[in-house]
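Report on the structure given below.
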Amino acid sequence: MVNRLAALYVLLCLMPISAFGKLTVFTENLSGFQYYNEHGKFVGPNFDKVHRALSAANIDYELNVLGWSLAYNGVLRDPNACIFSLARLPMREPHFKWIAKLSHFTAYFYALPEKQIKLESILAAKEYKTAVIENNFSHHYLTQHGFKLGAQLLVIENVDRLFHIMKQRKHVLDLIVLNEKQYKTQREIDKTTPELSKVFKFKQEATSLYFACNTKISDDMITKIKAGFEAVN
């Protein structure tokens, strides 16, 4: 009887999670990290880490590539869901189970050169209007530091809209927050993207990217996902 139970346990561990419910994985199209290439294939170093880890754990998953705010809200609603690449911030800490660090990015306040803005600190940016992407790390990080919607923050639904405003309605804002790789890629793709100046660099602890899951996800699923990341690291 004991041997049969042991054999059943091993069998359950080897079975794909789809037998119990497919894992939903949310993400966004983020240049340099996880993105659609010129052939329409979803690629990138962070996606590669996630795919290899889930494959190693024999986990069947469904990938949903959405705008960031939709992806962020989606994982909060679905108890059997995870998300990447999510910046690990204090205000987000209790809302997720943090599984594995994927990478790090460098983020800056950017400004149009003609505005001649200089910043000595994050708080100095409160004198200006800053555009951030909804539910992006910059939105949450600056809110955490006392920036107010309307007074100092202009919340934009996606990065394409943000660049459109920079080109067509630049008088309505002074600063934007972007990761360096994202901005460089945008300039390569679209030559009409405004040339911007770096005016302040965010601290590294604010810009580490993780694979994280809904807090209600099962312990068994968490164990399997962690084992998958350990297997490929």
Keeping the roles fixed (side chain from [X], backbone from [Y]), state whether a donor-acceptor pair exists under 3.5 Å.
{"X": "K129", "Y": "G150", "value": "yes"}
{"X": "K49", "Y": "L102", "value": "yes"}
{"X": "N214", "Y": "L76", "value": "yes"}
{"X": "K126", "Y": "H145", "value": "yes"}
{"X": "D78", "Y": "G74", "value": "no"}

Problem set entry | Pair D219 + K97: basic N to acidic O under 4.0 Å | yes

Do [X] and [Y] get their side chains close enough for a donor-acceptor pair, meaning under 3.5 Å?
{"X": "Q186", "Y": "S31", "value": "no"}
{"X": "S218", "Y": "D220", "value": "no"}
{"X": "H104", "Y": "T207", "value": "yes"}

For this session: Only counting residues at least two apart or in another chain, list the ones meeting ring-ring contact (aromatic ring centres under 6.0 Å, His included) with F33.
Result: none

Problem set entry | Test ring-ring contact (aromatic ring centres under 6.0 Å, His included) applied to F42 - qualifying residues, sequence neighbours left out | Y36, F47

For this session: Please lay out, stage by stage, how E180 and K201 fare under the test salt bridge (charged side-chain N to carboxylate O under 4.0 Å, His left out).
Result: CA-CA 10 Å; E180 185 177 27; K201 182 179 179 180; over 6 Å; no

